[in-house]
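Bear in mind the structure is a predicted one, so any value in this text is a computation, not a measurement.
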Amino acid sequence: MIAFLRGQLRGEDDEAIVVDVGGVGYQVLPSAATKASLLPGEVQLHIHAHFVTDEPLRLYGFSTTSERSLFRTLLSVQGVGPRVALAILAGIETEDLVRAIATGDVARLKQVKGVGGKLAERLALELREKILAAGAGVGAKAGKGKGADSGATPPSAVPVGPLGEVYGALVLLGYKPVEIDPLIDKMDEKRPIPDNVRGALAALRRG
């Protein structure tokens, strides 16, 4: 399995680029954001290798592992293949996409070119738990990074249970613990997770 490629950018067209790795040219289909960020010279791409029977192996490239993970998460939804997943990533900022899925914002998802009502509903329904779980993992790692080994004490422990999922979703969306902690303290863990996420986002936007 190819995990990443590092080599010289040798050419590109509307869809693909060619990366020369030790004299071997690999054709890679990058995300729109990744392609826009590439500069002449050496490039490094995180790769998703996709194989379907009776079709050639295709390599999809991303500048960050987080974008590749989101791409793979999108592929888990029925009716979403690699090209549709790339189109979704090209049609909405990553942070907005994660927020829309985490909060079940079907209306926002429908605004993405190529995403109809049924697909928007499937994205919100099938991916919400995966997005929240991924966020909770990010939050837990952030908390562990400030343990005894570093000589620092975190301002508060990362919560567990439903509030831990809310915390993780907010971390995944780019908010810092110092912004999240005061909101978590005021939340009712018996409220539905999406409601708590929406309330926190509204409070964070108000500043």
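Checking each of Leu97, Asp105, Val98 against Ile101 for a side chain to side chain contact (heavy atoms under 4.5 Å, CB included) leaves exactly one that passes, namely Leu97. Residue Phe71 forms a ring pair (Phe, Tyr, Trp, His ring centres under 6.0 Å) with just one option from His46, His48, His50, and that option is His48.
Among all heavy-atom pairs drawn from Glu15 and Pro30, the shortest one is O-CD, 3.2 Å. Taking all atoms of both residues into account, the shortest heavy-atom contact from Leu170 to Ala200 is CD1-CB, 3.7 Å. Residues Arg122 and Gly79 come closest through the heavy atom pair NH2-CA, 4.3 Å. Between Arg72 and Ile47, the shortest heavy-atom distance links the atoms NH2-O, 3.4 Å. The two residues Ala120 and Lys110 have their closest heavy-atom pair at CB-CG, 3.5 Å.
In this structure, OG1 in Thr65 is found 11.5 Å from CG in Leu70, a value given to the nearest 0.5 Å. Here CD of Glu126 is found 12.0 Å from OG1 of Thr73. Values are rounded to the nearest 0.5 Å. With values rounded to the nearest 0.5 angstrom, Tyr26 atom OH is found 10.5 Å from Leu57 atom CG. Rounding to the nearest 0.5 angstrom, the gap separating the CG atom in Asp195 from the CE atom in Met187 is 10.5 Å. Once rounded to the nearest 0.5 Å, the distance linking CG of Leu109 with CD1 of Ile92 reads 6.0 Å. The structure places CG of Leu59 at 5.0 Å from CD1 of Ile2, a figure rounded to the nearest 0.5 Å.
Within a 6.0 Å sphere centred on NZ of Lys35, other residues, nucleotides and ligands contribute more than 12 heavy atoms. No more than 12 heavy atoms of other residues, nucleotides or ligands shown are found within 6.0 angstrom of CD on Glu93. The neighbour count for Glu67 CD, taken as heavy atoms of other residues, nucleotides or ligands under 6.0 Å away, is above 12.
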Margin query: I'd like to know whether Leu183 forms a side chain to side chain contact (heavy atoms under 4.5 Å, CB included) with Asn196, so could you lay out the CA-CA distance, the side-chain angles of the two residues, the decisive distance to 0.1 Å, and finally the verdict.
Written below: CA-CA 9 Å; Leu183 301 176; Asn196 274 329; over 6 Å; no

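Listed for the Thr34 side chain is a donor-acceptor partner under 3.5 Å among the backbone atoms of Ser63. In terms of modelled atom types and a separation under 3.5 Å, the side chain of Arg68 and the main chain of Gly61 share no donor-acceptor contact.
Using a 4.5 Å heavy-atom threshold, the side chains of Leu75 and Pro82 count as touching. Leu29 places a side-chain heavy atom less than 4.5 Å from the side chain of Arg83. Phe62 has its side chain within reach of Leu86: a pair of non-hydrogen atoms, C-beta onward, lies under 4.5 Å apart. With contacts defined as side-chain heavy-atom distances shorter than 4.5 Å, the pair Arg198/Leu201 does not qualify.
Taken together through direct or relayed side-chain contacts under 4.5 Å among Ile, Leu, Val, Met, Phe, Trp and Tyr, Val28 and Leu9 form part of one hydrophobic cluster. At a threshold of 4.5 Å between side-chain heavy atoms, the hydrophobic network of Ile, Leu, Val, Met, Phe, Trp and Tyr places Leu204 and Tyr167 in one connected group. Put simply, Val115 and Leu125 are part of two different groups of oily side chains (I, L, V, M, F, W, Y) that touch within less than 4.5 Å, one to the next. Placement of Leu45 and Tyr60 in two distinct hydrophobic clusters is found when ILVMFWY residues are connected by side-chain heavy-atom separations under 4.5 Å, directly or transitively. Val52 and Val80 are not part of a single hydrophobic cluster, where members link through side-chain heavy atoms under 4.5 Å apart.
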